[in-house]
Amino acid sequence: MRFCRSFSPLLPVCVFVVAPAFAGVGSSGGIETARALALATPDATLREELLHDVAAFLARQGNSEAARSAAAQLPPGRQAMVLLEIAAHLPDLRSQEAEQLALDAQTAKALTTDWRKARVAHLLAVAYARRGKFEAAVALAHTVPDSEEKASALQAVVAHLNRAGELAQARELAATIEENRRYGTYRQKAAALADTAETLHARGNPEDAATLLAQAELLLPKQPGWSDGAAYRAVAVAAYRCGQKEQACALLTRAEALAQQIAGPWKVTELTRLAAAWRDCADAARATARLTDAAVFLKTLPPLDRAEESLALAQGWALAGESLDGKARARAALDAVLAEADRADNPEPWRKPRVRTLLASAELSVK
């Protein structure tokens with residue numbers, strides 16, 4: 001499911017963290033409606049895409065049997081992604097099952113002939129890193145054929161190394177990420193260095209943390225485009241957590257200027273991400289202001305673009321918490337999409353946004 005542009009097609013994840021049930025959309029009823037709509041899609045490519053969304057949702061909810069059943073209807077690349085999503089949400093006691101799922105995903109990867117082969121290799125590296133098998137994770141990351149995808153895989157492995165306290169290996173691996181300006185891999189390297197700096201600072205090594213943070217900042221382009229916003233945000237949040245609050249504010253202000261210049265519909269997504277970064281840097285006022293900007297801009301978009309970006313805004317409000325009545329605002333954003341889909345003269349173009357909104361609503365209701 002794609003709540004944010006960067007979530008897909010890389011990792012179909014959702015981070016709604018609030019409860020109770022959506023008004024008018026029961027959790028199980030919404031899921032079944034979404035599944036039925038996906039299966040009834042006349043376009044085979046879209047049907048695969050939406051079934052993948054449903055299967056990934058079921059995997060995140062811990063319903064591994066239903067997720068496997070849905071995944072069985074998918075081609076190998078998508079099937080592998082769902083299997084790894086299932087493994088990621090299994091309890092620790094089922095580690096052997098997770099290992100088998102990773103092996104099954106490798107088999108499916110071997111049968112994959114399109115761009116998803118690189119994506120599955122990335123996800124396999126993350127799966128092994130999550131389980132602490134870092135040698136295998138690094139080896140798998142290096143097999144990713146696409147430069148940007150490979151950099152993202154290495155960045156993810158660095159993050160898991162940091163969480164495991166393997167800081168020396170994390171630093172070494174972060175340094176190996178290519179600084180390719182053409183493919184933008186300097187962004188992943190900057191984020192990996194920033195993550196390692198933050199971990200070093202938290203573990204009582206501020207000097208080395210400052211060195212890595214400075215290296216990360218040097219990678220940020222002097223004339224950035226909107227797609228550099230993620231790297232600016234990552235370095236800014238790390239700077240804040242390393243005690244460099246003024247620098248964090250300066251970097252986020254730069255990222256904010258990039259987001260505000262966007263004319264396309266993805267401006268909503270970028271503003272919601274920026275809001276999260278301001279919140280991570282303890283500036284609730286600016287976080288709220290950026291969510292408000294996103295809501296205002298959303299109203300200017302054509303209906304189908306508005307439907308897609310409403311998922312990002314709903315996520316942003318949900319993460320904003322009780323102080324902003326985030327749950328109600330998230331519900332309102334999603335309900336508005338479903339209402340517009342119901343009113344549409346031609347329901348077919350609304351099938352995809354309706355399925356994804358139903359899944360988002362169900363996920364919001366069960367967390």
Side-chain angles (χ1 to χ4, degrees), residues 1-31 33-34 37-38 50 53-54 56-57 60-61 233 259 262 264-280 284 286-344 350-367:
M1 188 183 342
R2 290 179 234 195
F3 293 111
C4 296
R5 194 163 301 271
S6 69
F7 287 169
S8 176
L10 177 58
L11 285 174
V13 296
C14 169
V15 292
F16 277 127
V17 291
V18 293
F22 238 67
V25 182
S27 175
S28 60
I31 298 165
T33 301
L37 285 166
L50 296 182
D53 288 344
V54 172
F57 168 85
R60 288 192 298 275
Q61 299 308 311
R233 293 191 302 269
I262 297 171
W266 59 93
K267 179 175 183 175
V268 175
T269 292
E270 286 297 299
L271 287 171
T272 59
R273 292 171 177 166
L274 189 61
W278 279 118
R279 194 163 50 249
D280 285 342
R286 291 185 82 161
T288 303
R290 299 296 74 78
L291 287 175
T292 302
D293 289 346
V296 170
F297 183 75
L298 184 73
K299 294 177 182 178
T300 71
L301 297 177
L304 290 172
D305 286 338
R306 186 166 63 245
E308 180 177 352
E309 293 300 318
S310 289
L311 302 183
L313 182 60
Q315 180 195 42
W317 284 125
L319 292 174
E322 293 294 339
S323 62
L324 295 177
D325 201 13
K327 290 185 288 187
R329 292 172 186 264
R331 293 186 190 110
L334 297 178
D335 274 344
V337 176
L338 294 175
E340 193 156 18
D342 288 342
R343 291 193 302 267
W350 285 88
R351 186 184 296 270
K352 179 159 67 171
R354 191 176 179 202
V355 168
R356 291 187 169 148
T357 304
L358 285 167
L359 294 175
S361 300
E363 194 142 12
L364 178 60
S365 74
V366 299
K367 290 293 185 181

Between atom [atom1] of [X] and atom [atom2] of [Y], what is the distance when rounded to the nearest 0.5 Å?
{"X": "Thr288", "Y": "Trp278", "atom1": "OG1", "atom2": "CH2", "result": "12.5 Å"}
{"X": "Leu334", "Y": "Leu313", "atom1": "CG", "atom2": "CG", "result": "9.0 Å"}
{"X": "Leu358", "Y": "Ile31", "atom1": "CG", "atom2": "CD1", "result": "10.0 Å"}
{"X": "Trp266", "Y": "Arg273", "atom1": "CH2", "atom2": "CZ", "result": "12.0 Å"}
{"X": "Arg356", "Y": "Ser361", "atom1": "CZ", "atom2": "OG", "result": "14.0 Å"}
{"X": "Leu338", "Y": "Arg343", "atom1": "CG", "atom2": "CZ", "result": "10.5 Å"}

Atom of [X], atom of [Y] and distance for their closest heavy-atom approach:
{"X": "Arg354", "Y": "Leu37", "answer": "CD-CD1, 3.8 Å"}
{"X": "Leu359", "Y": "Phe57", "answer": "O-CE1, 3.7 Å"}
{"X": "Val54", "Y": "Ala38", "answer": "CG2-CB, 4.4 Å"}
{"X": "Ala330", "Y": "Ala314", "answer": "CB-O, 3.4 Å"}

Q) Looking at side-chain heavy atoms only, is the closest gap between Lys327 and Leu364 below 4.5 Å? A)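 The answer is no, as the side chains (C-beta and beyond) never meet within the 4.5 Å cut-off.
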Q. Under a 4.5 Å cut-off applied to non-hydrogen side-chain atoms, are Phe297 and Asp293 in contact?
A.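 A side-chain contact is absent here, since even the closest heavy-atom pair is not under 4.5 Å.
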(Q) Going by the rule salt bridge (charged side-chain N to carboxylate O under 4.0 Å, His left out), which residues pair with Arg279 if we only count those two or more places apart in sequence or in a different chain? (A)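 Counting only residues at least two positions away or on another chain, Arg279 forms no salt bridge (charged side-chain N to carboxylate O under 4.0 Å, His left out).
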Counterpart residues, side-chain hydrogen bond (donor to acceptor under 3.5 Å, both in side chains), relative to [X] (two or more places apart):
{"X": "Arg351", "result": "Glu348"}
{"X": "Arg286", "result": "Glu256"}
{"X": "Asp280", "result": "none"}

Q | Those residues that, when tested against Ala307, pass side chain to side chain contact (heavy atoms under 4.5 Å, CB included) (two or more places apart) | A |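 Listed in chain order: Val337, Trp350, Pro353.
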Q | Residues Leu311, Thr269; criterion side chain to side chain contact (heavy atoms under 4.5 Å, CB included); working and verdict | A | CA-CA 9 Å; Leu311 302 183; Thr269 292; over 6 Å; no
**Q.** Gln315 side chain to Thr272 side chain, donor-acceptor N/O pair below 3.5 angstrom
**A.**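 No - no donor-acceptor pair under 3.5 Å links their side chains.
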(Q) Test: side-chain hydrogen bond (donor to acceptor under 3.5 Å, both in side chains). Region: residues 294-306. Which pairs qualify, not counting sequence neighbours? (A)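 For residues 294-306, and leaving out neighbouring residues, the side-chain hydrogen bond (donor to acceptor under 3.5 Å, both in side chains) pairs sorted by first residue read Arg306-Glu340.
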Q | Glu309 side-chain N/O to Leu298 backbone N/O, donor-acceptor pair under 3.5 Å | A |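 Not a single qualifying donor-acceptor pair exists.
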